[in-house]
Every structure is written in structure tokens, then in C-alpha cells.
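What follows is a short report on a single structure.
Excluded from the calculations below are hydrogen atoms, water molecules and symmetry mates; all remaining heavy atoms, backbone and side chain alike, are included. Each chain gets a letter, A, B and so on, in the order its sequence line appears, and its residues count up from 1.
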Amino acid sequence: MSDAGTPVPTGSRPPDGFFFEDFAVGQRFGHATPRTITAGDCALYIGLTGARQPVHCAEPVARALGHPSCPVDDLLVFHLGFGKTVNDISYNAIANLGYAGLRFHEPVYVGDTLKSQTQVIGLKQNSNGKGGVVYVASRALNQHGRVVLDLARWVMVSKRNAAAPAPATVVPELPREVAVADLAVPKFLKPGALDLVATGGARLWDDYKAGETIDHPGGMTLEESDHMMATRLYQITSHIHFDAFRALSNQFGKRLIYGGHVISTGRALSHDGLENAFQIAAINGGTHANPTFAGDTLYCRHVVLDRMALPGRDDIGALRLRMLVAKNVTLAQLPAIAPGEKNGSVVLDLDYTVLIPRRQKP
Amino acid sequence: MSDAGTPVPTGSRPPDGFFFEDFAVGQRFGHATPRTITAGDCALYIGLTGARQPVHCAEPVARALGHPSCPVDDLLVFHLGFGKTVNDISYNAIANLGYAGLRFHEPVYVGDTLKSQTQVIGLKQNSNGKGGVVYVASRALNQHGRVVLDLARWVMVSKRNAAAPAPATVVPELPREVAVADLAVPKFLKPGALDLVATGGARLWDDYKAGETIDHPGGMTLEESDHMMATRLYQITSHIHFDAFRALSNQFGKRLIYGGHVISTGRALSHDGLENAFQIAAINGGTHANPTFAGDTLYCRHVVLDRMALPGRDDIGALRLRMLVAKNVTLAQLPAIAPGEKNGSVVLDLDYTVLIPRRQKP
Amino acid sequence: MSDAGTPVPTGSRPPDGFFFEDFAVGQRFGHATPRTITAGDCALYIGLTGARQPVHCAEPVARALGHPSCPVDDLLVFHLGFGKTVNDISYNAIANLGYAGLRFHEPVYVGDTLKSQTQVIGLKQNSNGKGGVVYVASRALNQHGRVVLDLARWVMVSKRNAAAPAPATVVPELPREVAVADLAVPKFLKPGALDLVATGGARLWDDYKAGETIDHPGGMTLEESDHMMATRLYQITSHIHFDAFRALSNQFGKRLIYGGHVISTGRALSHDGLENAFQIAAINGGTHANPTFAGDTLYCRHVVLDRMALPGRDDIGALRLRMLVAKNVTLAQLPAIAPGEKNGSVVLDLDYTVLIPRRQKP
């Protein structure tokens, strides 16, 4: 994200949020509500998702890897970092269209404080003139001013006034993937020290094959309280998640579940089968393919897209994964879904990259 | 609260709680279950309410104001301090009739331990002889024995035995407001250091006008799990919030939501519009005007009642606010509600006083 | 638990879990997901259960007893220690048949890390050949390698392949109770310092009588979100608690609530009447007599089975208690339930032993 452009003055946010015509390419936002992450947030994250990666919940496991204490779950960092941007960028979103180039740059620990910033990098009005796509680059910084997370995303946002003039169309070039050379691996990390009894799985980088499909055994039914508590914890404000009365008049007649909660649920369900993929390094892209509602039961399938060595490291490698989250369907009956293919049961199609220890040579 | 009167012996509480005829003017209670507030409580409070005031969740913002760490959200202090009194005072309440003179005396931090005490200051039997109003003065103390919160309240409590004799009627004089001179402002506080990017709003004390109405944009639908978890967290025991089986035979046929959860929801919704009102100093009075049930969606309107300078301080001022929480209604369609006026959609009518930085002279 | 036997290699767990024919007497398991207990877990436990024992939530009360800080609630230790075993032992359980000889050996504090191990001590195939009973001895250890909890339990587990040969029947002798001499009482403990204002009750060991029945006044309605959040917090994975879609085809057509959540709810409800029974020392046995579902309201009755002096201590004694948790019934209308007697309203019949201060001689 460039430091150029006009900063948006604090307090310029209209009470009902920014609409499409309020955005301009180059515009920068410093988002409200920095957040110091506590042990309470981490416990609640486990309670909300059932996450079981011991690196995030067992101090001895984390310290063996070289961490000073348990790093905060990558997706909790994502929700808090990303969530801050919602009130300014996607409060009036019609649809979250996509993510690109999301990278986790360095670990976050309990006690760290995150804040988020955004720059508008593109705009394209819809042909019907009632809204348009806003492209942004966002980043979360810790209390030392270091970037812990950055990403691009694009959302379709309503216009307040359909007669407002269309801005010049600017569609940024976005990466289709985070390059292997750009994946951040802490220098101190000792992946060989990962306790495989603690993770519950024996499979390492060497044991996965490109093209392999893993249907994870668990399922999780989502309730209104669960997704609302998660989304409030992240201090996300979009009324679509919280306001059943207003939702009566939307196209579904009910609240929608925050897409990030679906990602976290899929990640937690996939622990059985990806036990040692202990760190998310990047999210290359993703689509919330269908809406998720309270009462839906989610299941998770992974396809291994690629297995990549990391430059200069023979102790850890990367897997590029495709996470498919489907609802209310037995995975055994879910067909293979081609890239880009639509399926009415699939609610999430996420392309991301994880780190996983390599088998050590004797 | 005076230290005179007869202390109620520990263990004298009947298994089904105290009834109207068990109370006597001057009686004192030391309530059970002191509580050490942890980072877990604070995280859960955010998850339950969606509170977004950065002073309570971002260490750098709190330290810039002069705090050693984030002060605990005033309303969480209220719920814990007040909640301890319920098991003794209002376990058999028919109605919580009102609050008066509630003051926050000093900040509470993670690690502090609160306990609560109450003295009965008035009694008035109902004309039908089936219950009566109990007036009490309660206070919460920290581990240093200093009062952090005190208030008066009055509740209508059932009689166990309608034939029990009526006590002498004593109706105490209660303050209609907390005087400006009685508002506690920490000496160390540097309000000018409040980070307005962090709060997300630019409006300061100088920018609000008496008579001004603010309709906050968000809405929040309450679920059974949400209000029960909040109320259990505060260790409040009134069965009306928890026991759906017994509630089948009450006048509503269902559980009622703890009124304090409505206050917290209103406070969280009102962040958009009152971003810099970072501390509640007093609650002058309030009415739970209608019951709230799971499934209700709450909206919040504020009316600025007064704007008061504080003696000896030109950096911070007070706003006296009226919080109206309405349910299942579009605020744009909610008429102006005169003081004391009833409206079937309004569930809370609260008169309270907040602290907010003043614009600094150049 | 013996250290003999063949350790189960990490990663040998089938994706759909172990079935009856996968178990062998003497087999040992080191379970996944060690857990460092945080202040967040403790706060969430209060929010989920409404537990009110001040020893677990008020530092000054705990320190007066001689603890360095609040010990973690015994049942939270149980859920975390026991919960780790589920993914290996009872993932494919048809029924949790019983517990025996559960002892709490030493206090657990925030910051301690628990891990769990299990050895198979018995096997008995069902007469229908479709499953069988697996008897195990499990224990939880802290980061110092000391046992904090051990127990035996037996579960009925499905066979994957009904044609798999039956193992030799081994039915271990299990204790009917934990002997008084085996109850762990910390040497440092000063029970006389328990603050009876803080607990809210005046009754001590001397005041309870064998045969006495206590009907606790509160009731608690359980919601799907509540039991699922609790069970996720403990990182228990049995799909029966989480997967409503798959549950459509089980005998109830819906999710079942984790039996441990029922124990915790009963314990919390029983605070009014057992205020000073501040520590669970042992669980002698227990039966989940009927299933519990979301929407059920739970009530709790205790019968005092015995009152036991503890060798070498005149300041603290033990009560052997029978906890009956009934659902959707007024306790006043629940008859006395003889030992072993079935009653359609009773969901839990638990035999356990608590520690409680003795009245001090003047």
C-alpha cells in the first residue's frame, strides 16, 4: 500500500457509512478500534470454532517451535485485522467479491495491539448504475508499526444516490497467488520440533500429493448466537449479520453469516487430515460461493493444489490448498468440483497456502 | 451507605431467597461471590455486546489517556457489581422499578476484585398486600476497600406469606440526578490524548447540543444464548432469565432478558455517533419500560439532555444523555418520546452522564 | 495406569476414528491437543455454566486458603483432561456407560498445560456382534509430568465391520468408590480461612446429615449454542454434539448434549445449598440416565450419601453426594429415586465426593 493519496479525515464517515460514490482511487483510511489481543480472545476463538491446532493453545508446543509463547491463530488475526476495515469499506456492501494476495508477515502474540489501514486501488461502477466495485489494499500493523497482514479485496457497494456520476474506471492488476518467495517463514522456527503426538497426525509435507482430495470427517451446525458472537468479538459492524428485523426485507429474509466464520469453521474441521499444517502463510484468493445461514451444517473438503519447497529451508515446506466448504450435504455424495465450477451446496471455495514440516533426513 | 444497622448473618438466606417480609430498614448485606476481573471477562463482554470503545480494548489508547492499562468497561463493572446484589435483594423481584444516583468512583482494571454490599433504605407494602417495594443503597468495592460504584435502586418484591404484617412505610428521598460536582474524573486523565482515529469519530464535547437527537444506525437481534451467557458471566441468578420451563407459567410464557444486557446493547450500538464519550460517569435514573425477549431486535436513539462543564477542567466535559432503546421498529418511524411518555416499542429509557474530551484551544 | 503395553503410533488414527475392533487390551494412547489453561477459559466456563464458587473466581478468597492464585474449576479440568481422550476412545461411541475411580490429585492453575493419556484395560463384545464395551484408564498430566486427574470409564463403541472377530473378553475390576484415604487434600490448604460471606452459605461439614435431600432452587434451560460452545472449548470432537444434519438420521433425530455439560450445570445450580463444598475430590461413579437436548430445562437435587472425616485433619471433611439432574419437571413433584432406579425425567445420577470445611472448635 502506497503512502500517497489524501488521508480521509477522521470523522468524515457518514452515520450510515460510505457508499460507492464516496470512494476515490488513492483515498486512504485509518480504521477505528485498534485491538489488544488477549488470552480471552483466544479462548473464545476456540469456543466458537473448535480449533485444535496445539501451536495456538499449548505453550510447550509453541515454545518447542521457537515461539516465545503461543502465536495467535492466523485466522483470528485475519478476522481482527480485516474486521476493522468493514465499518469504512464494506458497511454498505452488496457482496464481498473476492480476496487476493493475503500474506501473514509475522506472528502475533497475546498482548500485541493491531490496527488497520486501507487504500482504495480501484473503482468500477456497475452497468445498472446502482452501485459499483471498490478495490482496496488493506493491512494490519502491530504496536511496533510492523505489518502483520496485508491483502487486497474487492466488494460491491451500493450507491446512496443512483444519479451520482460514475468515477473513472480503474481495475487494478491483482496477483493470482502469493509467490513462494514471498511466503514469510520466521527465521527462528524449528519445524522439526513439532510434537506429532500433540497435533494428533503423522503426515508431513512429504506425504501429501498434488491432486489429492481429503474429505474431513466432522460437521458443524452453525447457530445465530455463534456467528453473531464471533462477529461481535471481531468488532465487525455489518448489519446483515446482526439485524433480523431489517433482514426481513432482504432477498433472503434473514441474517447472513459472516464469511470469515465459515473459513474458520472449515479450518477447524480440517484439523483431522491436516494436523501438522500449523500455519497459514497466505490466502491466494477465494469466493463465498453461496450464502450461509444459521441452521446450516458445514462440512469441509480439501484438494491439494501444489506442494512447494521453500527457498533455503529443508525443514519446512508449503502446501497450496483448495478448501471447499459445503453445507447440508454428505461429502461422499458431493462430486468433484472443477475450479470455478458452481455447486449449490458449496459456500466457500478458498485457495490458500499453509506451512508444514518436512520429514527430516536421518 | 451508612455502616449502622444490623448485619444480616451469613447463611440466613432462605433457599428460595428473601421475600418482602424478610427485609427491614437498616438491614445490611455482604453479598456472595466476589469476583476478580480477568482478560477473559473483558473479551467475552465484547463478544456478547459488540462494544467498540478503544479505551477498553486497546492498551496504547488507554495508556495515552494516563491509565496503566485498559480500564474495564464501565458497564461490565456495573453488571458485576450490581449482579452480586441480585441473589439477596431481587431474587423474588416482580419488577425492577428504577435506579438513582449511580456513580462510578474510580477505574477498575484487569486483576481487580470486586465485592458488593447493600443496605435497605426504604420499604413500602403494595396496597394489594401481596408484595412491596424495597429501596436499597448498594456499592461495589475493590480489593483495596475503595468504592468503585454505588447506586440506589428500588424493586417490587413478592411476599412469601400475604398475611405477614406490613412494615412501617419508609420512602427515601433519592436524587433525581448526580450533580456535576459529584462526577469522578481521575486526576491523571489526559483527555486531549484520546486518539480520534482509534475511536472513529471527530465530534467532541463542543460539538453536541442540548436537545439534539441521534438515531444510531445499527441494530442487534438478541438470542437466548447471548443474554443467558451474559447474565451467567455476571453470576446473576434470577430464574426469570434462565428457566424456560418455569417461565411457561409466567405472564409472558417465556424468559425475560436481563435489563442490563439491554443497556449494554444500547451502549454498543451508540458507538457510531458517540465515539468519544469514552466513560460513563453516572446513571441518573432509568426505566425498563417494556420487557425484552429473545428474538427482539434492538435499536438505539440518544437525546442530549444537557452539556455541562466540569469544575477545574477545561479539557473534558460531561454530556447528560437520554438513551432510548426500542425494539422491532425502524427508528425513522419512531416518534419523539416525551420524558415519562410510554411507547410500546421502547424497552429502555435511561438518563445518564458521560465524559467526553473538549476541543483544545490552539 | 501401567506403563507396559504397546504404544499406539502417532497418526495411526483412521480418519473416521477407532472402532471396537481397533482396540486391544494393554494398548496405550497419547492424546492430541495439549492445552494451556488461560483466564479466558475460566471466564468462558463461568459464562457457560453460571458457576459461582468464589475459590475459582476471586483471588483473595483463593489466597486465603493457601493457593497462589485461583485454582481452575475442577470440572473444567475434568472436561479438558477427559475431552482429549474422546477423539481416540469414544469418537464412535454408541453410549458412555460409566465412570469409576475419578480422582483430582492436585490443583491446576491458569498457565498450567494439560495433556492426556489412556490405556485400554478391558474389552467385551456385545452379544449382537455389532459393537462392544471398551474399558479404559485415562489420566491428565500437567507440564511437570504430574498426574492431576485420573479415572476409569467404559463406553460402548461400534464395530466398523461386524464380521471382525471378537477379542477375548476382559472385564476389569473397577472400584465402586474412591476410598477416603485416597482423597487428595493439599497440605497447604487452610479450610478455616474460607470466607463464608464470599461463598454465601454458613453450612459446614458438621451441618450436613447422611440421607439428607437438598432440592436446589434454580433451573437452567440449555441452548444449542451453549452446549456446543462448551464442548468446542474442551476440544471434544464427537459429531453427535455438533452435526444436526447427520443427527437427522440418529434415533433422536437431533443433536445430544455432552454429558459433561449436564454435570457442570448441576454443579452450578447446586451452589445454593452446597456453598462451602468448594472442591470436588473424586467422582465415584455415574450414569447419564437419559439424553439431554437443547431446549431442556435442568434442575438439580442432591442426596447426602455419607459424611466422612479425613485422616489427620480436623479442619476439613468430605461429603459423599449423589447428584440427580432432572429435566422439565418441578423438583417438588419428583419422587425420591432409589439407587439404581430409573426415572424418565432424570438425566444424570452422579456419585461423587466433595471437600468442605469443618466447624472449628473455639
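- Interface summary for chain A: among B:C42, B:A62, B:G40, B:S225, the most heavy-atom pairs under 4.5 angstrom belong to B:S225.
- For a residue to count as touching a neighbouring chain, one of its non-hydrogen atoms must lie under 4.5 Å from one of that chain's; by this rule B:T49 touches chain A with the backbone only.
- Applying a 4.5 Å heavy-atom cutoff, the residues of residues 87-94 of chain A that approach chain B are A:N87, A:Y91.
- Nearest heavy-atom pair, A:G30 versus B:V197, reported as atom, atom and distance to 0.1 Å: O-CG1, 3.4 Å.
- Contact of the B:T221 side chain with the A:E224 side chain is not registered, since no non-hydrogen atoms from C-beta on lie closer than 4.5 Å.
- At most 12 heavy atoms of other shown residues, nucleotides or ligands fall within 6.0 angstrom of atom NZ in A:K115.
- Here the side chains of B:V61 and A:P34 are in contact, with some heavy-atom distance below 4.5 Å.
- Taking NE2 of B:H216 as the start and CG of A:D16 as the end, the distance is 14.0 Å to the nearest 0.5 Å.
- With chain A as the partner, the residue from B:L48, B:D272, B:T38 showing the most heavy-atom pairs under 4.5 Å is B:L48.
- Within the 4.5 angstrom heavy-atom criterion, atoms from both the backbone and the side chain of A:T33 approach chain B.
- Of residues 237-246 of chain A, those residues with a non-hydrogen atom less than 4.5 Å from any non-hydrogen atom of chain B are, in numerical order, A:T237, A:F242, A:D243, A:A244, A:F245, A:R246.
- Of all the listed residues (B:A198, B:P60, B:G273), the one sharing the greatest number of non-hydrogen pairs under 4.5 Å with chain A is B:A198.
- Using a 4.5 Å cut-off between heavy atoms, B:N328 touches chain A through backbone and side chain atoms alike.
- For B:V55, no part sits under 4.5 Å from any heavy atom of chain A, backbone or side chain.
- Closest non-hydrogen pair, A:L233 versus B:A43, comes out as CD1-O, 3.6 Å.
- With a 4.5 angstrom heavy-atom cutoff, B:A51 touches chain A only via backbone atoms.
- Side chains of A:M229 and B:L44 form a contact here, defined as non-hydrogen atoms less than 4.5 Å apart.
- Most heavy-atom pairs under 4.5 Å with chain A, from the set B:G295, B:A268, B:G219, B:P54: that is B:G219.
- Considering only heavy-atom pairs separated by less than 4.5 Å from chain A, the leading option among B:C70, B:G50, B:A39, B:G47 is B:G47.
- Residue B:R52 touches chain A through both its backbone and its side chain, counting heavy-atom pairs closer than 4.5 Å.
- Note: A:M228 leads A:Q143, A:E223, A:M228 in heavy-atom pairs under 4.5 Å with chain B.
- Residues A:Q235 and B:C57 have side chains in contact (heavy-atom distance under 4.5 Å, counting atoms from C-beta outward).
- Between B:M220 and A:R232, some side-chain heavy-atom pair lies under the 4.5 Å cut-off.
- Here the straight-line distance linking atom NE2 of B:H56 with atom OG1 of A:T36 works out to 13.0 Å at 0.5 Å rounding.
- The contact between A:P15 and chain B is made entirely by backbone atoms, counting heavy-atom distances below 4.5 Å.
- Neither the backbone nor the side chain of B:Y45 comes within contact range of chain A; no heavy atom of the residue lies under 4.5 Å from a heavy atom of that chain.
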